[in-house]
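Predicted, not measured: the structure shown is a model, and the values here were computed from it. First the proteins, then the strands, lettered A, B, ... as listed; each starts at 1.
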Amino acid sequence: MNVGNRPVGALDGGFDLQATLECGQSYLWRRADGHMYEEPNAAGGDAWYHVALPSTATETDEPEVIRLRQVDELLEWEASTPNAYARIEELLRLDDDLEAILAATPDDPLIERAYEAYRGLRLVRDPPFASLVSFICSAQMRVGRIHEMQVSLAERYGESVAFDGETYRAFPTAERLAAASEADLRELSLGYRAPYVERTAEMVADGEAHPGEARDLAYEAARESLTRFVGVGRKVADCVLLFSLGHLQAVPLDTWIRTAIEEHYPDCERDNYEETSRAIRERFGGEYAGYAQTYVFNWLRNNG
DNA sequence: TATCCAAGGTAAGTT
DNA sequence: AACTTACCTTGGATA
């Protein structure tokens, strides 16, 4: 077992682990106490874990288990492989200059209120395929159940890895998930999303397309590219662009943001997704509009 | 206890 | 190209 820690208070803009992992942008972490999305420990010190897939970048050949906790300004970890910090930094965007991003955000009462409430919340860099499946599953679903679905998929199809006397499972690769039938996935309560996940996993496993290919495209072309996958419209595509592929200007137009537009930014209303998206991205400051979106989403979901 | 409703939408069928 | 409608499942609200 490899352990380490880092004073995240020294990061530009700070860090809030609980807000980052439970704000509905990533469904690939589990709270150690089994009570994801419930009231966090008032004294702090809750732990979350994630199983990262093997990566040539870190030269590992089996999944890497990472367990994290935050005590005040100290981020502490235990991992199954050495040098976990590089992976943690990538996954949780600890390399973002959050202070500069917030400073570049336009003056706006709703955005400022949300920024104050969740100071230290960072976007994530989820692995592309897992992010894609997560948000295909998100259609007409509550955050807690989206998370349950991803846990079920990992339990049923993910590669297992032993760590600290327990068995953990990674999110399944496309190849492993492609082995599932629609009926198999319906048994995991995916409902009508089951054939979407099945067919998308096959597309990726067959090499027909990979969500990571959208990383280097221009934003709107990247969004269009992702809609090739089954079950992926513009909203889901925007989520993958923002929470996995680093297109920080993406503003997914979900029910919460649509309500926010109605009530707070009615002049951004257009008669289609494309144009409304452009208008609200501009209102949210362009380059980092997705950061504002995520804070506002979180504020409305918890306080609206 | 039973029924209704909405949840981070998308695909397929109609005009 | 715009507009409707069906779609699984479930927890919480309402009667």
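Spacing between atom CG of A/Leu300 and atom P of B/dA7 amounts to 13 Å, rounded to whole angstrom units. In this structure, CG of A/Leu226 is placed 12 Å from P of B/dA11, rounded to the nearest angstrom. Whole-Å rounding puts the A/Asp271 CG to C/dA1 P distance at 14 Å. Atom pair A/Glu187:CD and C/dT9:P shows a separation of 11 Å (rounding to whole Å applied). Straight-line distance from the NE2 atom of A/His147 to the P atom of B/dG8: 15 Å, rounded to whole Å. Look at OH on A/Tyr196: it is 8 Å from P on C/dC8, rounded to the nearest Å. Spacing between atom CG of A/Leu253 and atom P of B/dG8 amounts to 16 Å, rounded to whole angstrom units. If you measure from atom CZ of A/Phe229 to atom P of B/dA11, you get 12 Å, rounded to the nearest angstrom.
A side-chain donor-acceptor contact under 3.5 Å links A/Arg281 to the backbone of A/Ser277.
Ring-plane geometry between A/Tyr27 and A/His147 is classed as tilted, the angle between the planes lying from 30 to 60 degrees on a 0 to 90 degree scale.
Toward the 5' end of DNA chain B, the nearer of the two residues A/Asp254 and A/Gly231, judged by each one's closest nucleotide, is A/Asp254. Ranked by how close their nearest DNA chain B nucleotide is to the 5' end, A/Cys23 and A/Thr227 are led by A/Cys23.
Base contact: A/Gln293 has a heavy atom under 4.0 Å from a base atom.
Counting only heavy atoms from C-beta outward, the side chains of A/Arg278 and A/Arg270 never approach each other to under 4.5 Å.
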What's touching nucleotides 10-13 of chain C from the protein side, N or O pairs under 3.5 Å?
residue : atom : partner  : partner atom : Å
C/dT10  : OP1  : A/Ser189 : OG           : 3.4
C/dT10  : O4'  : A/Arg145 : NH1          : 3.2

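A stacking contact between A/Phe135 and B/dG8 is absent: the pair does not combine a ring-centre distance of less than 5.5 Å to the base's six-membered ring with planes differing by less than 30°.
Under the Watson-Crick or G-U wobble criterion, with both distances below 3.5 Å, B/dG8 has no partner in any strand shown. Pair assignment for C/dC3 gives B/dG13, based on Watson-Crick or G-U wobble hydrogen-bonding distances that are each under 3.5 Å.
The same atom, P, is picked in B/dG8 and in C/dT4; the two are 25 Å apart, to the nearest Å. B/dA6 and C/dA6: their C1' atoms are spaced 16 Å apart (whole Å).
Residue pairs that meet the side chain to side chain donor-acceptor pair (under 3.5 Å) test with at least one member in residues 156-167 of chain A, sequence neighbours left out, are A/Arg67-A/Asp164.
With distances taken from any side-chain atom of A/Phe243 to the nucleotides B/dA12, B/dG8, C/dT9, the minimum falls on B/dG8. The side chain of A/Tyr192 sits closest to C/dC7 out of B/dA7, C/dC7, B/dG8.
Salt-bridge annotation for A/Asp16 and A/Arg122: absent, with no side-chain N of the basic residue lying under 4.0 Å from a carboxylate O of the acidic one. Taking a cutoff of 4.0 Å between a charged side-chain nitrogen and a carboxylate oxygen, A/Asp95 and A/Arg125 qualify as a salt bridge.
The base of B/dG8 is paired with the side chain of A/Tyr27 by a donor and an acceptor separated by under 3.5 Å. A donor-acceptor contact under 3.5 Å is formed by the side chain of A/Arg193 with the base of C/dC8.
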- Steps toward ring-ring contact (aromatic ring centres under 6.0 Å, His included) verdict (A/Tyr85, A/Trp77): CA-CA 8 Å; A/Tyr85 185 73; A/Trp77 63 85; 5.5 Å; yes
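More than 12 heavy atoms of other residues, nucleotides or ligands sit less than 6.0 Å from atom CZ of A/Arg169.
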